[in-house]
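Right, one structure below, let's go through it.
Counting starts at 1 for both ligands and their atoms, following the listed order.
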Amino acid sequence: MSGRLRILLADSNTPDRELAATLLRGALPEYEIEAVGDPMALAERLLHPDLAAVVTEHALAWGSGLELTATINRLHPHCPVVLFTGVHSEEVAADAIRHGVDGYVVKGSAGYLALSAAVKEALARAERRRASSAGGEYYRTLIEEMPVGIFTLSPDGTIREASPAAASLLGVADRGALAGLSLPALLTPDSHERLRRLLAAGAAVRGIEAEVARAGAERLWVRINAWPVADVGRPVARWEGSLEDISGYKKAERQLEERAAQLSRSNAELQQFSYVISHDLQEPLHLITRYAQLLGEKYSGRIEAEAHRWLAHVLTSAARMQAMINDVLEYARVETRGQPFLFVDFAAVFADAVDNLKVSIDESGAVVTAGDLPRIPADAGQMAQVFQNLIGNAVKFRGSKAPRVQTSAVEAEDAWVFAVMDNGIGIPAEHLDRIFGMFQRLHGSSEYPGTGIGLAICKRIIERHGGQIWATSQPGEGSTFYFSIPKKSSAASEPGVSMENGGEHGRQAAARSAG
Ligand code: ADP
């Protein structure tokens with residue numbers, strides 16, 4: 001066995017057969033050419049599976065070449081047949097074509113020359129047929145097996161054909177039973193009406209989410225795509241489309257919405273709680289302060305020095321508690337007292353913050369400067385507070401060097417990123433995140449005064465603007481505090497617009513620019 005594919009040549013005329021075989025061997029060396037002249041040999045060869053093509057005389061000694069063609073079509077559906085015949089008649093040629101013959105060559109000197117080309121052409125055509133039928137089969141299998149449902153509808157939305165997945169998504173066990181039903185009518189009333197209107201409009205339906213009613217079974221969410229297919233004179237001859245199960249996605253979406261609602265409820269409660277608590281704590285605290293003062297004044301000559309010291313402790317602690325309460329109130333007010341976002345000149349905001357910090361800046365001899373700062377929508381009062389807290393900290397947490405504080409801003413793709421850089425004591429890397437939490441301090445209040453809420457307020461303000469805040473530091477060298485303010489999507493010309501988030505990009509851009 002050579003392992004090569006075979007071309008069978010059937011002709012009862014020996015010289016013709018031998019000449020044709022010689023020509024074919026020369027032209028198609030990659031094939032085994034088997035020439036047979038009797039029915040027994042032919043019958044035996046026909047059973048072999050590796051048959052690439054058959055060349056046969058029309059008038060065989062034992063029968064007709066067309067009968068042989070019919071047998072071959074039955075046994076080897078993809079095998080092409082070329083009729084090589086001495087009979088030159090249009091009738092025979094037409095009959096041959098009806099029988100599915102792939103080539104018709106008339107014997108004679110021109111015919112012998114044309115035979116090899118005709119066989120090659122028949123082989124190529126058969127190959128194309130095989131490929132396209134394999135492709136068709138492939139797509140059929142894909143449609144049958146795919147979890148996405150495929151359907152064809154009449155122009156009015158009646159189902160003509162549906163894949164098994166479409167039937168199961170629509171809750172109909174037998175897909176034959178789907179034909180003739182209206183697709184919109186299988187949906188819940190809301191979805192039904194929507195799809196009906198879209199189909200009536202005649203434009204492609206792109207990914208609408210619809211709920212399938214599914215009698216007796218659990219309701220199911222599907223995404224529907226459908227596109228009109230036009231025909232001569234008809235813009236919508238039929239619809240073709242797909243159905244995808246998106247129940248899992250819808251469930252996750254619902255859970256997310258519930259969690260967001262829950263979160264915003266508990267946020268509001270927390271807000272209310274911190275507001276009420278801090279508000280209500282003020283009154284007893286006032287009383288403590290007042291009575292401690294009275295005690296000190298009224299009994300000043302009659303109590304021991306130690307008791308005076310204790311009273312002084314009571315008063316300092318009460319003052320510290322008052323400061324903390326004020327800060328908690330301030331924190332709670334970031335949301336409740338926030339103003340709409342109008343165009344803010346950050347250079348002016350910076351100047352205000354520096355003005356408010358004048359005393360500590362002058363006392364410390366700090367040099368506080370700013371680069372070009374933009375004019376962008378924000379809550380001006382809150383931005384002044386952020387600058388004040390950051391610059392105030394930069395001055396407060398100074399080291400032995402004369403404090404230098406540099407404020408700057410860079411424009412990233414979708415956000416402005418501000419930086420406040422100092423040459424102070426710095427922050428160990430492990431505390432860089434923690435310091436933005438409430439009451440998180442790295443030092444005692446006798447060392448550096450403060451309540452530990454300034455950065456938490458900054459964070460809340462920046463988050464209200466859709467941005468992020470973070471810090472980098474080199475202990476002993478200084479720290480840089482960054483915050484991003486996302487740009488709003490359209491041209492920033494209208495005042496009073498709140499912005500979508502975009503802080504992460506700003507953060508990456510700043511990390512790049514900070515090198
Ligand atoms: P406070 O300034 O009242 O302590 P903050 O919330 O403003 O509270 O800051 C929290 C802590 O972060 C500070 O106590 C300090 O330890 C650290 N910190 C903040 N800013 C700086 C800075 N510029 N340099 C060094 N440490 C800082």
Open item on the list: Between K250 and E253, does any NZ, NE, NH1 or NH2 come within less than 4.0 Å of an OD or OE carboxylate oxygen?
Closed with: yes
Task: Pocket residues of ligand 1, ordered first by chain and then by residue number (heavy-atom cut-off under 4.0 Å) - done: N393, A394, K396, F397, D422, I425, G426, I427, I435, Q440, R441, L442, H443, G450, T451, G452, I453, G454, L455, S479, F481
Open item on the list: R219: which residues meet the salt bridge (Lys or Arg N to Asp or Glu O under 4.0 Å) condition with it, sequence neighbours left out?
Closed with: E211
- [ ] Scan for salt bridge (charged side-chain N to carboxylate O under 4.0 Å, His left out) pairs involving residues 401-411, sequence neighbours excluded, and state none if there are none.
- [x] E411-K487
Open item on the list: Just checking F418 against F346, ring centres under 6.0 Å apart?
Closed with: yes
- [ ] Sorted by first residue and then second, give each salt bridge (charged side-chain N to carboxylate O under 4.0 Å, His left out) pair with at least one member in residues 340-367; sequence neighbours left out.
- [x] K358-D362
Task: Name of the residue among T472, I462, I469 meeting side chain to side chain contact (heavy atoms under 4.5 Å, CB included) with Y482 - done: T472
